[in-house]
Amino acid sequence: MMSMDKNSTSGMLYTKMFRNGEIARGLLHRLEDITKNIQDGAIPIMEVCGTHTVALFRSGIRNALPQAVKIISGPGCPVCVTPNELIDKSIAYAKNNEFILTTFGDMLRVPGSSTSLERVKANGGDIRIVYSAMDSLEIAKSNPDKRVVFFGIGFETTAPTVAAAIDAAKIQSIPNFAVISAHKIVPPALEALAGNPDLKLKGFICPGHVSVIIGSDAYLPIAENHHIPCVITGFEPTDLLHGILMTVEQVIEGKGEVSSQYSRVVSRTGNEKAKNLIKSVFADTDSIWRGIGNIPGSGLALREDFSKYNAEVIWPIEVEKTMENKACRCAQVLTGLITPNECPLFKKICTPESPVGACMVSSEGTCAAYYKYGDISQ
Ligand code: SF4
């Protein structure tokens, strides 16, 4: 495979190849051709991943697609799907001066029931933005008199690095480091969405980076149970168009199969080393997704033998009553039941500078993407 370093000559050629206008136009013409006799909006396809949401807007593909194809944004933004209950818990740790709370930057601005980590930090809470769980471990080592809680969110792409940090903490016997695990697994969410009769989805554009870890075979039960195409897709413009075309072709041919547009990096079985790392530290557990509710087996909880690093077990903390903001319609946005334009607060009260809900906070959030890239007809 060519180098993926975008600054190298081969990297630039590689990137250019997947942004080639002629190839993109060809894919678009093919899509127009095969859907010309199909009713507007008759093929609703969900792109599950927040990176796809943004890439589809940024490339202008959403507006260029034929009317028959309706792209629906799904719950693939980890910041957005983390429920208030855990945000409130992280806030409770941050308010207590025995603790240092570490997490990714986007989490700071997500509104909890009554405040946000950002506001707690402004009021003196010791909250530190980190780029990885390993950074948190280093903070714990440098602050032996404090308890350091890493608020971990993310999908199968992030979980291996968190597992590695927890494993390192165990090996090094670090006593003052623990994790709130809000990590989630993608396939059970697709299973739940595919079975939602209100959505009537005809296909999934599956996340390329998550699929690198889990492999394409992970989607087989969903395709088989629901007879729905699951097409793993990359992130460049021609990747996206090709993935959408592959999905639409399957729909027209009455197929419901797993296929991969991103086979240059995704294998059938994925990254065994990363999967084993996840399995060694975490066990599948039921998990609550904002907007969807509890999805069986969709979360990652620390295994019993790592419970010394489970913040909720070793340092239980009282949390004020968790409430959802009833005015925010993130729940419906995340399940594709409405677009952000249909939320009465969108752009009026809720903006990236003053977000009311999580979907407006994250750079991968659907509301933030609609805000940044403008209104569209779908
Ligand atoms: S626009 Fe704001 S208030 Fe409305 S659903 Fe999105 S995040 Fe919630």
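Start at 1 and go down the list; that is how both ligands and their atoms are numbered. As a basis for the values below, the full set of heavy atoms in this structure was taken, side chains included, without hydrogen atoms, waters or symmetry mates.
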At less than 2.8 Å, would any N/O/S atom of C328, backbone or side chain, sit next to atom 4 (Fe) of ligand 1? no
Have a look at A327, C367, C350, S354 and point out the one with the heavy atom closest to atom 6 (Fe) of ligand 1. C367
Just checking F99 against W315, ring centres under 6.0 Å apart? yes
Taking the non-hydrogen atoms of C330, is any one of them nearer than 4.0 angstrom to ligand 1? yes
Quick check on the 6.0 Å ring-centre criterion: do F282 and H183 meet it? yes
Where is the nearest protein heavy atom to atom 4 (Fe) of ligand 1: which residue, which atom, and how far? C343 SG, 2.3 Å
Only heavy atoms of F346, strictly under 4.0 Å: list the atoms of ligand 1 that pass. 1 (S)
Checking K170 against F306: charged group under 6.0 Å from the ring centre and within 45 degrees of the axis? yes
For residues A192 and I295, report the shortest heavy-atom separation together with the two atoms involved. CB-CD1, 4.2 Å
Atoms of ligand 1, numbered as shown, that sit under 4.0 Å from any heavy atom of M360: 7 (S)
On a heavy-atom basis, the closest approach of Y371 and F346 is N-CZ, 3.7 Å
What about the rings of F150 and Y309, do their centers lie closer together than 6.0 Å? no
For G357, counting its heavy atoms only, list the atoms of ligand 1 lying under 4.0 Å from any of them. 7 (S)
